[in-house]
Enquirer: 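The structure follows.
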Amino acid sequence: MSETQTRKNEKPARSLNFIEEIIEEDIRKGKNDGRVHTRFPPEPNGYLHIGHAKSICLNFGLAEKYHGITNLRFDDTNPIKEEVEYVDSILEDVRWLGFDWEKRLYYASDYFEQLFEYAVILIKKGMAYVCDMPAEEISASRGTPTRPGKESPFRNRTVEENLALFMRMRAGEFPDGARVLRAKIDMTSPNMHMRDPVLYRIIHTSHHRTGNKWCIYPMYDFAHGQSDSIEHITHSICTLEFEVHRPLYDWLIREIGIYAPRQIEFARLNLSYTVMSKRKLLELVKENYVKGWDDPRMPTISGLRRRGYTPDSIRNFAEIIGVAKRDNVIDVSLLEFCIREDLNKRANRVMGVINPVKIIIDNYPETLVEEMEAANNPENPDAGIRKVPFTRELFIEREDFLEDPPKQFFRLAPGREVRLRAAYIIKCERVEKDSVTQAVTAIHCTYDLNTKSGMPDSNRKVKGTLHWVSAPHAVEVDVRLYDRLFVVPDPDNAEEGKSFKDYLNPDSLKEVKGYLEPSIRLAKSGDRYQLERLGYFSVDPDSTEKRLVINRIVPLKDSWAKTEKKN
RNA sequence: UGUCCGAUGGUGUAACUGGCAACACGUCUGAUUCUGGAUCAGAAGAGUCCAGGUUCGAAACCUGGUCGGACAACCA
């Protein structure tokens with residue numbers, strides 16, 4: 001391969017994002033011996049969504065790029081909210097996205113004993129104390145961002161007393177909420193997180209991994225940074241809201257005297273026409289606005305998977321959107337672009353009609369069945385061809401016929417000719433209508449024998465090409481037409497007195513029948529197809545032997561719809 | 001009357017770290033096409049939040065504003 005060819009095949013070098021710049025700088029300085037070790041640290045209290053996908057791709061991607069490794073660690077410090085169901089779904093989602101944590105699956109709860117010892121160190125140094133104030137009082141005495149807080153009356157207990165109390169907390173001598181362990185920092189700090197933050201609280205609840213071993217649990221702030229430290233994470237990448245926590249993590253690590261990872265914060269992903277907070281997604285699930293966490297309308301990874309999105313398309317999306325620190329809202333059309341681009345190359349084509357109207361080809365032999373050859377994927381000759389039966393009676397899309405068409409309409413109309421994809425050119429001769437409703441019930445056409453696809457004289461120019469299906473061969477399937485979940489770009493930003501749920505799209509799911517070519521009988525759950533001229537579809541797991549259910553992932557771009565709208 | 005972070009076409013990210021703003025999506029033309037898809041060619045669209053300053057030269061550096069976001073769970 002020549003020099004120039006090599007260059008041409010290379011992707012143009014993308015400039016570094018700010019995190020890569022930091023990492024390369026660290027490597028250059030020989031920090032951590034040039035080692036790069038990241039981690040993805042979800043809390044198992046909900047399903048992962050596309051925003052997490054960004055973080056997953058970032059963490060694993062960075063490690064891959066710099067020949068490092070990535071841990072998967074569950075930050076499971078609150079047994080009240082966490083469940084194994086969520087652990088399992090998260091493992092599946094990360095794996096599905098195509099990432100491998102190898103043997104490095106950890107839990108913050110693995111470190112409970114170690115964390116407890118860290119707490120003891122702080123107590124012995126006089127840097128932590130047991131506080132008996134009830135939650136409301138602690139909260140009230142914390143002050144506000146603009147007003148300093150007041151010191152707890154328990155702040156100056158002796159080391160011995162603190163130690164004894166903390167041991168008794170662990171021993172289960174006190175009820176939930178009776179006491180907490182707090183760091184002794186500065187109640188007047190302009191940073192709220194430095195105002196004697198709670199380190200440990202009493203929760204008599206069984207934990208999904210440690211069972212009833214513990215009745216005191218570390219707060220996230222006391223577990224997260226130290227967990228990263230224990231795992232010798234070099235770069236702790238997290239979202240912007242933890243920027244204010246960083247001084248606390250640094251303080252803890254310094255006082256305890258352990259290895260300090262470098263935390264880098266980036267702006268979380270926002271997507272238009274959806275919501276991303278776990279709380280809101282949970283609400284949609286619990287209140288049955290959707291059919292579950294994996295409802296194809298959800299921005300969850302499991303929802304996108306069920307919808308038919310490919311891991312590649314999501315990873316590419318994560319790459320394309322970039323990483324920075326400013327707030328951002330990515331247009332869903334970019335996500336849609338990514339899945340179209342991917343599926344255009346890999347999805348086989350198939351024909352099917354969703355809103356059928358009958359075509360009768362009057363000059364076609366009544367009993368003849370021709371097997372038309374159609375390319376499985378015009379973008380990829382290797383995909384081969386398939387046979388599609390053609391008969392005298394067909395279905396076409398109702399929208400592909402107009403009795404009185406505008407000049408820009410290239411489809412079927414009285415006296416007009418169109419190409420039937422992979423078959424003949426037909427001409428519309430007359431229509432049959434319902435005497436009452438005046439609706440078109442059948443369209444009578446004639447076909448031109450010499451225009452069969454692939455024949456030497458078949459290249460006569462016609463304006464339009466329609467998809468079709470032989471009426472007697474049509475396979476009836478259930479079609480789920482999905483659309484955006486919300487009707488406004490920013491449902492989070494509800495006006496006064498309204499909630500995000502007031503902006504739910506009533507037409508986000510339309511269930512209709514479809515009539516597909518017989519080759520679809522080979523389809524299995526999870527398969528993806530392009531229904532020609534309609535869009536990309538995936539076979540839903542609800543499908544049975546007897547009946548297929550297909551999901552519309554995304555429609556094809558429709559420039560006709562656009563020009564139609566203009567007029 | 002706080003602290004921290006941010007501000008570049010409609011959207012998102014760049015600008016080799018001071019040398020007259022680029023890429024992607026979207027939009028619009030045209031070509032081509034047996035998918036009004038795809039592909040190809042091209043166009044419009046920001047003078048970089050504002051005001052000063054440093055400099056031969058500023059999106060970048062400095063100062064002061066403005067606007068936006070985060071922070072007041074015994075959540076993560």
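All values reported here derive from a predicted model rather than from experimental measurement. Labels below follow one simple rule: chain letters A, B, ... track the order of the sequence lines, proteins then strands, and each chain is numbered from 1.
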Enquirer: Give the rounded distance in Å between these two atoms: CG of Leu531(A) and P of G36(B).
Expert: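 Going from CG in Leu531(A) over to P in G36(B) covers 14 Å.
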Enquirer: Let's see if you can work this out: which of U35(B), A15(B), C75(B) has an atom nearest to the side-chain heavy atoms of Ser15(A)?
Expert: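 Among U35(B), A15(B), C75(B), the one nearest the side chain of Ser15(A) is A15(B).
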Enquirer: Could you go over nucleotides 64-72 of chain B and give all protein N or O partners under 3.5 Å, atom names and distances?
Expert:
residue: G69(B); atom: O4'; partner: Asp327(A); partner atom: OD2; Å: 3.2
residue: C71(B); atom: O2'; partner: His193(A); partner atom: NE2; Å: 3.0

Enquirer: For the P atoms, the ones on C40(B) and on G47(B), what distance do you get once it is rounded to whole angstrom?
Expert: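 It works out to 31 Å between them.
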Enquirer: Contact class for Thr77(A) vs. all strands (heavy atom < 4.0 Å): base, sugar-phosphate, or nothing?
Expert: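 Touches sugar-phosphate only.
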Enquirer: Tyr249(A) and Phe242(A): aromatic ring centres closer than 6.0 Å?
Expert: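 No, they do not, as the ring centres are separated by 6.0 Å or more.
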Enquirer: Any side-chain N or O of Arg326(A) under 4.0 Å from OP1/OP2 of U8(B)?
Expert: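 Affirmative; the distance criterion is met.
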Enquirer: For Tyr309(A), what residues pass the ring-ring contact (aromatic ring centres under 6.0 Å, His included) criterion, not counting sequence neighbours?
Expert: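 For Tyr309(A) there are no ring-ring contact (aromatic ring centres under 6.0 Å, His included) partners, ignoring immediate neighbours.
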Enquirer: With the threshold set at under 4.0 Å for non-hydrogen atoms, list the residues of residues 336-353 of chain A touching RNA chain B in residue-number order.
Expert: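 Residues of residues 336-353 of chain A under 4.0 Å from RNA chain B: Phe337(A), Asn344(A), Arg349(A).
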Enquirer: Would you say the rings of Tyr86(A) and Tyr47(A) are close, in the sense that their centroids are separated by under 6.0 Å?
Expert: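 When the ring centroids of Tyr47(A) and Tyr86(A) are compared, they turn out to be within the sub-6.0 Å range.
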Enquirer: Of the listed nucleotides (U35(B), C74(B), G12(B)), which one gets closest to any side-chain atom of Ile321(A)?
Expert: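 Of all the options, the side chain of Ile321(A) is nearest to G12(B).
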Enquirer: I need the residues from residues 40-49 of chain A with at least one non-hydrogen atom less than 4.0 Å from RNA chain B; give them sorted by number, or say none.
Expert: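 Hits under 4.0 Å, by residue number: Glu43(A).
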Enquirer: Would you please name every residue forming a salt bridge (Lys or Arg N to Asp or Glu O under 4.0 Å) with Asp400(A), sequence neighbours left out?
Expert: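 Counting only residues at least two positions away or on another chain, Asp400(A) forms a salt bridge (Lys or Arg N to Asp or Glu O under 4.0 Å) with Arg411(A), Arg533(A).
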Enquirer: As a check on the pairing definition, encode RNA chain B in dot-bracket form, counting Watson-Crick and G-U wobble pairs whose two distances are under 3.5 Å, and using | for partners outside this strand.
Expert: .((((((..((((.....[..)))).(((((.......))))).....(((((..]....))))))))))).....
Enquirer: Under 4.0 Å between any heavy atoms, over every strand shown, what does Pro378(A) touch: base, sugar-phosphate, or nothing? Just pick one.
Expert: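 The residue Pro378(A) makes base contact.
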Enquirer: Let's see if you can work this out: which of U8(B), A76(B), G26(B) has an atom nearest to the side-chain heavy atoms of Ser333(A)?
Expert: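 Nearest nucleotide to the side chain: G26(B).
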Enquirer: Given A14(B), G36(B), U33(B), which nucleotide is nearest the side-chain atoms of Thr465(A)?
Expert: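 Nearest listed nucleotide: G36(B).
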Enquirer: Any side-chain N or O of Lys557(A) under 4.0 Å from OP1/OP2 of A38(B)?
Expert: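 Checking A38(B) against Lys557(A), a side-chain N or O does come within under 4.0 Å of OP1 or OP2.
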Enquirer: On the nucleotide C28(B), are OP1 or OP2 found under 4.0 Å from the side-chain N or O atoms that Lys562(A) carries?
Expert: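 Result: yes.
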Enquirer: Nearest heavy atom decides the nucleotide; on that basis, is Ala561(A) or Ile203(A) closer to the 5' end of RNA chain B?
Expert: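 Counting from the 5' end, the first nearest nucleotide belongs to Ala561(A).
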Enquirer: Hey, is the side chain of Arg533(A) poking within less than 4.0 Å of OP1 or OP2 on G36(B), counting only N and O atoms?
Expert: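 Yes.
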